[in-house]
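Here the structure comes first, spelled out in structure tokens, and everything after it is commentary.
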Amino acid sequence: MSDLTDLYQQVILDHNRRPRNRGKLPSANRVAHGDNPTCGDQCDVYLRVDGDRIAEISFDGSGCAISQASASLMTTRLKGKTAAEAEKLYAEFHDIVTTGKEPEEISDVGAFAGVHAFPARIKCATLGWHAALNALKGDPAPATTESHTD
Amino acid sequence: MPNWSTLRDDFPALHQQVNGKPLVYLDNAATTQRPRAVIDALSHFYERDNANVHRGLHALSMRATDAYEGARARVAQFLNAAASEEIIFTRGTTESINLVAASWGSAHLKAGDVILLTEMEHHSNLVPWQLIAQRTGAKLRYLPVTGDEGLLDLAQLDRVLTPEVKVFAFTHISNSLGTINPVAELCARAKKIGAITVIDGAQSIGHLPVDVRALGCDFYAFSGHKMGAVTGIGALYGRRALLDAMPPYQGGGGMISSVDFFESRWKPSPERFEAGTPNFGDAVTLTAACDYLDALGRDRIARHDSELGRLAYEKLSVLPGIRLLGPKTGPRGGLVSFAFADVHAHDIVTFADEDGIALRGGHHCNQPLMRKLGLTGTTRASFYVYNTPEEIDVLVASLRRILKFFSGS
Ligand SMILES: Cc1ncc(COP(=O)(O)O)c(C=O)c1O
């Protein structure tokens, strides 16, 4: 097994301890719920989309440190982005957590590279992202990690 | 002959390193390890006696039938059932409860009837009743749990156990709280109003002496893999009079007395409920597991497991911020379930694994109870005959390390 400090990096512990943009967003005009039935993790993502940009974003939920930190960091990444930019950022994040490769530009998401050595935890890391993308699409069906192949 | 001082030697899987540390296996409520005697019984059967049962007239088939029916008689004796015919082999607790709910339920439940459960039921003693409730129009009702102490709120029993209740199903030992329920009393109370009783014995079969006649239950369901036997085999005990009046659960070979193109006649229990080739290969391991546990002494197993549960509860209670579930005093099964506000159960399980400790984290198939308690899950350490007080010390030290890591100090 890889060293757990690779998985639980400082950035992750910090976001887990002091989550950013946590709680309901009263002005939200898009909401999506994500859940991971195998482990019971839950994540609601709230967006206020203005034109084609995410003007505000927040999340609420419960789960392991990986899922909570990932959702927290996701909100900081997606704020101000368009749907197309969000898709691209998710693709990059997905690459990081499944292959362990470092991000092209130095960024906090690199802290999630350690997840790839713990395949059972990839779903934890992607839960918030799935919910956010669903909210963007206005997809009313809850995001569930069970229907995704990662 | 197994013996308490050398017992760990009987379990091959215990003797290994995990992540460079000696394995500390504390996930026994999910499944126990198997003693050598069980593993040997399985290979002995396949190496010598394997043939289909009840069908052949040749030597191997007769030996296999003897082994299979011998296992039934052994389980009947283990539970103190009145007759072997009261033991139906199934895949385990889940299938046993589904069998009762579907077969007894379809014959006896109707709109206006009530199925009484408790708030601490495992999903497998809950979902099968939801399914039959939907099909028959019967309603579900719950006996509440008191809160973190995890006791059944017996003061509410008169309120919920009304004449509309036709069946009362409850667990003997809670898999997420460690509570040992007063099942004999619950059965007696149900009997007074004419309701049948179903005990989920998944967590009691391997841990306590179980005497179905002394308990006074109508059905008792259990899984072999939680008592040292292998996966894929378990049983349903049912009172003969009830079984004989129940329709088949599945149709197929072995369960009929005659088949016509348009209708068939059923054999009596247990064959009526065992359609198709039964799992005789795994059933023989129940005999070995019953023998093993009886040689250790089930009273002594109960004391050992309960003492470890109590000791773990006490030793964990000093950890900062811990929320412990289950009875604070009184009888307790061999498990402890706990949560921390700031560290999620799955993070604990991942870190404990690094120390060689096998724990379970999550809702333990008790989602409604967890929701009621305002929890998304707990971490659970569950004990069996081979666990020791020293292993609890290893657990406490590991938890201290984890708490320190997550608090950032
Ligand atoms: C209380 C309880 N009931 C039922 C079950 C289900 O047992 P099985 O999965 O072997 O059918 C379990 C085991 O997880 C349990 O702990």
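Order of the sequence lines sets the chain letters (A, B, ...), proteins ahead of strands, with each chain counted from 1.
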| said: Rounded to the nearest 0.5 Å, what separates atom CG in A:Asn16 from atom NE2 in B:His344? | reply: 10.0 Å

| said: I need the A:Leu7 CG to B:Glu354 CD distance, nearest 0.5 Å. | reply: 10.0 Å

| request: With a 4.5 angstrom heavy-atom cut-off, could you sort out which part of B:His346 is near chain A: side chain, backbone, both or neither? | output: both

Neighbour count above 12 (heavy atom, 6.0 Å) for [X] [atom1]:
{"X": "B:Arg91", "atom1": "CZ", "result": "no"}
{"X": "B:Lys21", "atom1": "NZ", "result": "yes"}
{"X": "A:Asn29", "atom1": "CG", "result": "yes"}
{"X": "B:Arg360", "atom1": "CZ", "result": "no"}

| said: In terms of relative ring orientation, are B:Phe351 and A:Tyr8 parallel, tilted or perpendicular, with 30° and 60° separating the classes? | reply: tilted

| Of all pairs that satisfy salt bridge (charged side-chain N to carboxylate O under 4.0 Å, His left out), the ones with a partner from residues 362-374 of chain B, not counting sequence neighbours | B:Glu119-B:Lys372

| field | Residue selection (most heavy-atom pairs with chain B, distance under 4.5 Å) from A:Cys39, A:Ser62, A:Ser67, A:Gly40 | value | A:Cys39

| query | Judged by atom type as modelled, is there a donor-acceptor pair below 3.5 Å linking the side chain of A:Arg17 to the main-chain atoms of B:Phe406? | reply | yes

| Between the side chain of B:Asp347 and the main-chain N/O of A:Cys64, is any donor-acceptor distance below 3.5 Å? | no

| task | Starting from the C-alpha separation in whole Å, work towards a yes-or-no answer on side chain to side chain contact (heavy atoms under 4.5 Å, CB included) for A:Leu4 and B:Phe405. | result | CA-CA 11 Å; A:Leu4 282 182; B:Phe405 183 86; over 6 Å; no

